[in-house]
Amino acid sequence: MNNQECKELMLDAIVRVDVYLASQCNITLPPSVSLASLNMTVSTFGTAAFSAALSDSAVVMLKEEPSLKVKNGRQAAGNVYTHELQVPVLVERDRAEALVQTLLGQDFHVVYTRADGSKDFSFSLPGAATCDIEESHSTATSTTLKFKILSSSQTIKLIPPSA
């Protein structure tokens with residue numbers, strides 16, 4: 001058994017998640033190359049289709065920190081990384097459903113802002129990004145948005161322009 005197939009990359013301290021439609025992004029990243037970092041000055045992301053944060057009341061509020069798991073799997077085409085993002089949000093189901101409808105059939109990328117201000121980026125391969133809703137009912141309703149992205153790389157660190 002190949003140990004690389006079971007390796008997971010966990011990112012912690014995510015305080016904001018921004019989802020961008022790929023059609024509105026201009027990213028200088030060859031899709032077949034795995035990069036560790038990307039200079040933000042050579043990329044534009046457009047307007048976010050969805051934003052959620054722990055402390056910014058101007059966007060959808062997070063119920064708790066999102067979790068991101070990145071798994072590496074060897075495929076016939078080479079390494080394919082699966083990015084699984086779970087975003088617990090404080091919104092009604094109809095608002096969450098509207099987001100899913102916006103992203104349905106669309107390619108999208110995700111930018112994560114960490115507590116220290118650094119940013120990471122999940123670059124989706126064409127036709128390889130999905131979004132769904134998980135809702136649980138008990139004494140309180142809980143809504144979690146689940147994003148799954150297949151990528152040719154792990155998360156990519158976004159490097160801000162130097163001052």
Side-chain angles (χ1 to χ4, degrees), residues 6-27 29 31 35 38 40 43-73 75 79-158 160:
C6 298
K7 185 178 178 184
E8 294 181 357
L9 171 66
M10 299 295 289
L11 293 179
D12 57 1
I14 297 173
V15 297
R16 183 180 175 108
V17 174
D18 294 293
V19 178
Y20 298 92
L21 294 176
S23 61
Q24 294 185 5
C25 297
N26 182 9
I27 301 166
L29 176 66
L35 297 177
L38 176 66
M40 289 176 71
S43 303
T44 55
F45 291 96
T47 303
F50 169 75
S51 295
L54 282 172
S55 62
D56 185 352
S57 62
V59 299
V60 172
M61 292 297 292
L62 292 168
K63 184 175 181 179
E64 58 192 56
E65 259 184 35
S67 66
L68 173 66
K69 181 168 54 171
V70 179
K71 296 187 285 187
N72 177 7
Q75 307 270 333
N79 278 340
V80 175
Y81 297 85
T82 303
H83 300 218
E84 295 176 352
L85 173 65
Q86 294 191 21
V87 182
V89 291
L90 297 172
V91 295
E92 299 298 322
R93 178 163 179 98
D94 58 342
R95 193 161 172 206
E97 190 67 43
L99 167 70
V100 171
Q101 288 302 317
T102 300
L103 297 177
L104 188 65
Q106 300 285 327
D107 290 330
F108 58 85
H109 309 299
V110 182
V111 174
Y112 316 98
T113 303
R114 295 197 194 193
D116 65 2
S118 64
K119 294 180 185 274
D120 294 282
F121 166 57
S122 285
F123 176 80
S124 174
L125 293 170
T130 61
C131 176
D132 205 353
I133 301 170
E134 179 179 281
E135 194 172 46
S136 61
H137 299 278
S138 58
T139 55
T141 301
S142 173
T143 303
T144 301
L145 294 167
K146 293 188 169 193
F147 298 88
K148 186 173 181 181
I149 292 174
L150 298 181
S151 182
S152 60
S153 67
Q154 294 184 10
T155 57
I156 300 166
K157 182 164 241 6
L158 293 176

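FYI, side chains are in, hydrogens and waters are out, and symmetry mates aren't considered; it's all heavy atoms of this structure. The structure presented is a predicted model; accordingly, all values stated were derived computationally and were not measured.
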side-chain hydrogen bond (donor to acceptor under 3.5 Å, both in side chains) with Asp116: which residues, sequence neighbours excluded?
Ser118

Considering all heavy atoms, the nearest Cys25-Tyr20 contact:
SG-CB, 3.6 Å

With heavy-atom distances below 4.5 Å as the criterion, would you say the side chains of Phe50 and Phe108 are in contact?
no

pair Thr143-Arg95: side-chain heavy atoms closer than 4.5 Å
no

CZ-OG distance between Phe147 and Ser124, expressed to the nearest 0.5 angstrom:
12.0 Å

Sub-4.5 Å side-chain heavy-atom contact between His83 and Val110:
no

Which heavy atom of Ala13 sits nearest to which heavy atom of Glu65, and what is that distance?
N-OE1, 3.3 Å

How many angstroms lie between atom CZ of Phe121 and atom OG1 of Thr155, to the nearest 0.5 angstrom?
10.5 Å

Should the ring pair His109 and Phe123 be called parallel, tilted or perpendicular, given that the plane angle runs from 0 to 90° and is split at 30 and 60?
parallel

With sequence neighbours left out, write down each residue that passes side-chain hydrogen bond (donor to acceptor under 3.5 Å, both in side chains) with Asp132, or none if nothing qualifies.
none

CG of Leu158 to OG1 of Thr113: how many Å apart, nearest 0.5 Å?
9.0 Å

Minimal non-hydrogen separation, Ile149 against Ala129, with atom names:
CG1-CB, 4.1 Å

Measuring from atom OG of Ser152 to atom CG of Asn79, what distance do you get when rounded to the nearest 0.5 angstrom?
9.5 Å

Just to verify, what does Asp107 make a side-chain hydrogen bond (donor to acceptor under 3.5 Å, both in side chains) with, not counting sequence neighbours?
none

Audit row: Val89, Thr144, side chain to side chain contact (heavy atoms under 4.5 Å, CB included) steps and yes/no:
CA-CA 6 Å; Val89 291; Thr144 301; over 6 Å; no

Could you tell me whether the side chain of Thr44 and the main chain of Gly46 form a donor-acceptor pair under 3.5 Å?
no

Any donor-acceptor pair under 3.5 Å linking the side-chain atoms of Tyr112 with those of Ser122?
yes

Out of Val87, Val100, Val19, Leu104, which one pairs with Cys131 under the side chain to side chain contact (heavy atoms under 4.5 Å, CB included) rule?
Val100

Residues in salt bridge (Lys or Arg N to Asp or Glu O under 4.0 Å) with Lys146, at least two apart?
Glu134

Smallest separation among heavy atoms of Leu145 and Ala96, with atom names
CD2-CB, 4.0 Å

Within-4.5 Å side-chain heavy-atom neighbours: Leu62 and Leu90:
no

How long is the straight-line distance from NZ of Lys69 back to NZ of Lys148, given to the nearest 0.5 Å?
10.0 Å

With sequence neighbours excluded, tell me which residues meet salt bridge (Lys or Arg N to Asp or Glu O under 4.0 Å) with Glu64.
none

Can you tell if the side chain of Pro66 reaches within under 4.5 Å of the side chain of Leu85, non-hydrogen atoms only?
yes

Contact check, side chains of Ile27 and Phe45, non-hydrogen atoms, under 4.5 Å
yes

Take Leu103 and Leu21 through the test side chain to side chain contact (heavy atoms under 4.5 Å, CB included) and record every step on the way to the result.
CA-CA 8 Å; Leu103 297 177; Leu21 294 176; 3.7 Å; yes

Search all heavy atoms of Ala49 against all heavy atoms of Leu99 and return the closest pair with its distance.
O-CD1, 4.1 Å

Output for pair (Ser51 OG, Asp56 CG), nearest 0.5 Å, gives 8.5 Å

Checking Arg93 now: which residues fulfil salt bridge (Lys or Arg N to Asp or Glu O under 4.0 Å) with it, not counting sequence neighbours?
Glu97, Glu135

